[in-house]
Student: 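Supplied in structure tokens, the structure appears directly below.
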Amino acid sequence: MHGVKRVQYSQAALEAKKQRDHDKLKAYLALSDDVIARKKSHDMSNEAFELTTRLLRMNPEFYTVWNYRRDMFIESLFPQRSPSEVNELLSDDLSLTFELLKQHPKVYGIWNHRRWCLEHIPDGPSPDDVNGYRNSTWNKELFVVEKMLDADARNFHAWNYRRYILATMPFPPPPKSELAYTTRKIEANFSNFSAWHQRSKVLTTLWETGELDRVKSIEEEFELVRNAMYTDPDDQSVWIYHAWLIGNGNYAARLQFEITSIQELLDEQPDSKWCMESLVRYKRLLIEKHAENLGDKKALVDSCLELLAKLRDIDPPRRRRYDEIAEGIRSGNEMQ
């Protein structure tokens, strides 16, 4: 790395490090062999359970060991314990996985085990409060996942888990609060595809339930995404969200307005690939869905072909794709 002084190690220090690494590997392999042998012999003892903890701390991507651990929970640990004790056991495993996530935030096995733990939270603590354990645990999980997203706002594992938490909470927060959360994340960093995706999910729910006026809300969304486009025209996530708002292109006036706006941005950023791709897409929608109202269809076709020729030059790896789109436009085919 630039600006970092290179450290010179003596031959003795290098040999010592090599020996330590060798010893660690030897210990890991021995532990791994022991755990797998116990799994094959169906060992459900507390000792075996503790060994899986040790091994997963060393290698949290060892999915077979996670499965073995879950088998021990179901076959041995759960049947021997009361609901409060089961809840405590699962709480301990949630703490374990949180420790592991801080070092390995994108390991599927850790996130999957966390979900499994939640799915096995028992009823309680009383017949009058059957969701008490779940409500407490889910509220903690929402806090945990927000901490994870504070550390890495674009961690799609954390966003997927957040959607799972919100969808399964006994008493979830109102969708408008989640919309506000995505606003904060997007305004902090427009290049957050996961936040844009989450926003599309929340908005769909709010529109379907009538909690937000769809027409007014969409206008506000176009304004938000337009600001993002002008801030960073090379950010793909912004353009994908814009395309989602456009949808099937059923409204000619909207297409015309957005084409004009994007053309103004392209005039300022003449090499913007995403400006050109979006213009081609939206002009094709005009041609295919609103041809009867177009004054000069040929001008739109020629404009698309000109843009595709430029795209071939600035984005050579996708030349074939642009050629295919151009051929479709010339032959009058539908969008592909």
Side-chain angles (χ1 to χ4, degrees), residues 152-156 159 182-200 203 217-291 294-330 335-336:
D152 180 2
R154 293 187 289 182
N155 183 344
F156 73 90
W159 279 104
T182 65
T183 300
R184 293 195 299 273
K185 289 300 182 185
I186 288 168
E187 288 179 344
N189 182 0
F190 284 133
S191 185
N192 190 333
F193 177 81
S194 294
W196 288 112
H197 179 66
Q198 178 77 342
R199 191 175 185 84
S200 71
L203 281 170
S217 175
I218 285 180
E219 288 298 327
E220 292 171 350
E221 291 305 299
F222 272 114
E223 183 63 27
L224 174 65
V225 77
R226 199 173 295 118
N227 289 337
M229 287 159 50
Y230 272 81
T231 301
D232 186 1
D234 294 326
D235 178 25
Q236 182 181 10
S237 61
V238 172
W239 295 99
I240 291 174
Y241 188 74
H242 189 271
W244 175 75
L245 288 173
I246 290 290
N248 293 326
N250 292 328
Y251 301 99
R254 168 58 64 188
L255 285 171
Q256 293 279 18
F257 185 87
E258 295 305 315
I259 287 170
T260 299
S261 177
I262 295 169
Q263 183 61 55
E264 290 173 356
L265 178 56
L266 182 62
D267 291 341
E268 296 180 13
Q269 304 285 337
D271 293 327
S272 171
K273 167 189 167 181
W274 293 108
C275 279
M276 285 186 262
E277 284 212 3
S278 296
L279 284 172
V280 171
R281 176 181 176 81
Y282 301 152
K283 288 181 179 183
R284 291 173 70 198
L285 283 171
L286 269 181
I287 294 168
E288 292 162 12
K289 293 197 174 256
H290 309 283
L294 294 179
D296 190 351
K297 178 180 175 180
K298 183 177 183 303
L300 274 178
V301 169
D302 290 343
S303 174
C304 287
L305 295 177
E306 181 181 347
L307 288 166
L308 288 165
K310 291 180 181 178
L311 282 165
R312 290 173 75 252
D313 292 335
I314 67 170
D315 189 17
R318 295 172 181 80
R319 289 170 65 93
R320 292 284 297 276
R321 174 174 175 268
Y322 301 131
D323 286 342
E324 289 175 5
I325 295 173
E327 182 58 33
I329 291 172
R330 292 190 187 95
M335 287 186 67
Q336 300 175 18

Student: List the atom of Asn250, the atom of His290, and the distance in Å for their closest heavy-atom pair.
Tutor: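 Nearest pair, atom of Asn250 first, then His290: O-CE1, 3.2 Å.
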
Student: Tell me the closest heavy-atom pair linking Cys304 and Ile329, and the distance in Å.
Tutor: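 For Cys304 versus Ile329, the nearest heavy atoms are CB-CD1, 3.7 Å.
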
Student: Taking side chain to side chain donor-acceptor pair (under 3.5 Å) as the definition, give me every residue that meets it alongside Asp271, ordered by chain and number, with sequence neighbours left out.
Tutor: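 Side chain to side chain donor-acceptor pair (under 3.5 Å) list for Asp271, sorted by chain: empty.
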
Student: Any side-chain heavy atom of Ile240 sitting closer than 4.5 Å to one from Phe193?
Tutor: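 SC-SC contact between Ile240 and Phe193 confirmed.
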
Student: Applying side chain to side chain donor-acceptor pair (under 3.5 Å), can you list everything that pairs with Asp235, at least two apart in sequence or on another chain?
Tutor: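 Testing Asp235 for side chain to side chain donor-acceptor pair (under 3.5 Å), a comparison that skips the adjacent residues, returns Ser191, Ser237.
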
Student: Atom OG of Ser278 and atom CD of Gln263: how far apart are they, to the nearest 0.5 Å?
Tutor: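 Between Ser278 OG and Gln263 CD, I get 12.0 Å after rounding to 0.5 Å.
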
Student: With sequence neighbours excluded, tell me which residues meet side chain to side chain contact (heavy atoms under 4.5 Å, CB included) with Asp313.
Tutor: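 Result, side chain to side chain contact (heavy atoms under 4.5 Å, CB included) vs Asp313: Arg319.
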
Student: Looking at every non-hydrogen atom in both residues, tell me the closest pair between Gln269 and Pro233 and how far apart they are.
Tutor: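 Closest approach of Gln269 to Pro233, heavy atoms only: CG-CG, 3.9 Å.
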
Student: I'd like to know if the side chain of Asn192 reaches the main chain of Ala153, judged simply by a donor and an acceptor atom lying under 3.5 Å from each other, with no hydrogens or angles considered.
Tutor: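 At least one qualifying donor-acceptor pair exists.
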
Student: Taking all heavy atoms of Ser303 and all of Lys283, pick out the closest pair and write down the distance.
Tutor: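 Looking at all heavy atoms of both residues, the shortest contact is OG-NZ, 2.5 Å.
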
Student: Got Val238 and Asp232 here, is their nearest side-chain heavy-atom distance under 4.5 Å?
Tutor: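 No, side chains not in contact.
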
Student: Going from CG on Leu266 to NZ on Lys310, what distance comes out if it is rounded to the nearest 0.5 angstrom?
Tutor: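 Rounded to the nearest 0.5 Å, the CG-NZ separation comes to 6.5 Å.
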
Student: What's the verdict on side chain to side chain contact (heavy atoms under 4.5 Å, CB included) for Gln236 and Trp274, showing C-alpha distance, side-chain angles and the deciding distance?
Tutor: CA-CA 7 Å; Gln236 182 181 10; Trp274 293 108; 3.4 Å; yes

Student: Once rounded to the nearest 0.5 Å, what's the spacing between atom CD of Glu187 and atom CG of Asn227?
Tutor: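 The CD atom of Glu187 sits 9.5 Å away from the CG atom of Asn227.
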
Student: Dump the intermediate steps for side chain to side chain contact (heavy atoms under 4.5 Å, CB included) on Asp315 and Met276, then the final yes or no.
Tutor: CA-CA 11 Å; Asp315 189 17; Met276 285 186 262; over 6 Å; no

Student: With no hydrogens and no angle check, is any side-chain donor or acceptor of Trp239 less than 3.5 Å from a backbone partner on Asp234?
Tutor: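 No.
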
Student: Take Trp244 and Tyr241 through the ring-ring contact (aromatic ring centres under 6.0 Å, His included) test and state the conclusion after the steps.
Tutor: CA-CA 5 Å; Trp244 175 75; Tyr241 188 74; 5.4 Å; yes

Student: Does a donor on one side chain and an acceptor on the other come within less than 3.5 Å for Glu268 and Tyr230?
Tutor: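 No donor-acceptor contact under 3.5 Å links the two side chains.
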
Student: Indicate yes or no: at least one non-hydrogen side-chain atom of Met229 is less than 4.5 angstrom from one of Ile262.
Tutor: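 Contact flag for Met229/Ile262 side chains = yes.
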
Student: Flag the pair Arg318 / Leu311 as yes when at least one side-chain heavy-atom distance between them is below 4.5 Å, and no otherwise.
Tutor: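 Not in contact.
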
Student: Any side-chain heavy atom of Lys289 sitting closer than 4.5 Å to one from Asn248?
Tutor: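 Contact flag for Lys289/Asn248 side chains = yes.
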
Student: In sequence, state the C-alpha distance, the side-chain angles, and the governing distance for Ile246 and Arg281, and then conclude on side chain to side chain contact (heavy atoms under 4.5 Å, CB included).
Tutor: CA-CA 10 Å; Ile246 290 290; Arg281 176 181 176 81; 5.7 Å; no

Student: I'd like to check the ring-ring contact (aromatic ring centres under 6.0 Å, His included) partners of Phe222; sequence neighbours left out, ordered by chain and number.
Tutor: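 Once residues adjacent in sequence are excluded, the partners of Phe222 under the ring-ring contact (aromatic ring centres under 6.0 Å, His included) criterion are His242.
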
Student: Checking Thr231 now: which residues fulfil side chain to side chain donor-acceptor pair (under 3.5 Å) with it, not counting sequence neighbours?
Tutor: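 Not a single residue meets the side chain to side chain donor-acceptor pair (under 3.5 Å) criterion with Thr231.
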
Student: Measure across Leu279 and Ile259 and return the closest heavy-atom pair with its distance rounded to 0.1 Å.
Tutor: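 Smallest heavy-atom distance, with atoms named: CD2-O, 3.5 Å.
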
Student: Arg321: which residues meet the side chain to side chain donor-acceptor pair (under 3.5 Å) condition with it, sequence neighbours left out?
Tutor: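 Scan of Arg321 (side chain to side chain donor-acceptor pair (under 3.5 Å), adjacent residues dropped) gives Glu277.
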
Student: Heavy atoms, side chains only, cut-off 4.5 Å: are Leu224 and Arg199 in contact?
Tutor: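 Counting from C-beta outward, Leu224 and Arg199 do come under 4.5 Å.
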
Student: To the nearest 0.5 Å, tell me how far Glu220 CD sits from Ile218 CD1.
Tutor: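 Going from CD on Glu220 over to CD1 on Ile218, the span is 10.5 Å.
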
Student: Just how far is it from atom CG of Leu255 to atom OG1 of Thr260, taken to the nearest 0.5 Å?
Tutor: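 Spacing of CG (Leu255) from OG1 (Thr260) equals 10.5 Å.
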
Student: Can you check whether Phe257's main-chain N or O pairs, donor with acceptor, with Ser261's side chain at less than 3.5 Å?
Tutor: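 Not confirmed, Ser261 side chain does not pair with Phe257 backbone.
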
Student: List the steps and the verdict of side chain to side chain contact (heavy atoms under 4.5 Å, CB included) for Ile325 and Arg284.
Tutor: CA-CA 10 Å; Ile325 295 173; Arg284 291 173 70 198; 3.6 Å; yes

Student: Would you say the side chain of Leu265 lies within less than 4.5 Å of the side chain of Ser272, judging by non-hydrogen atoms?
Tutor: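 When only atoms from C-beta onward are counted, Leu265 and Ser272 do not touch, as no gap falls below 4.5 Å.
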
Student: Distance check, rounded to the nearest 0.5 Å: Gln198 atom CD versus Ser200 atom OG?
Tutor: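 Reported to 0.5 Å precision, the distance equals 8.0 Å.
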
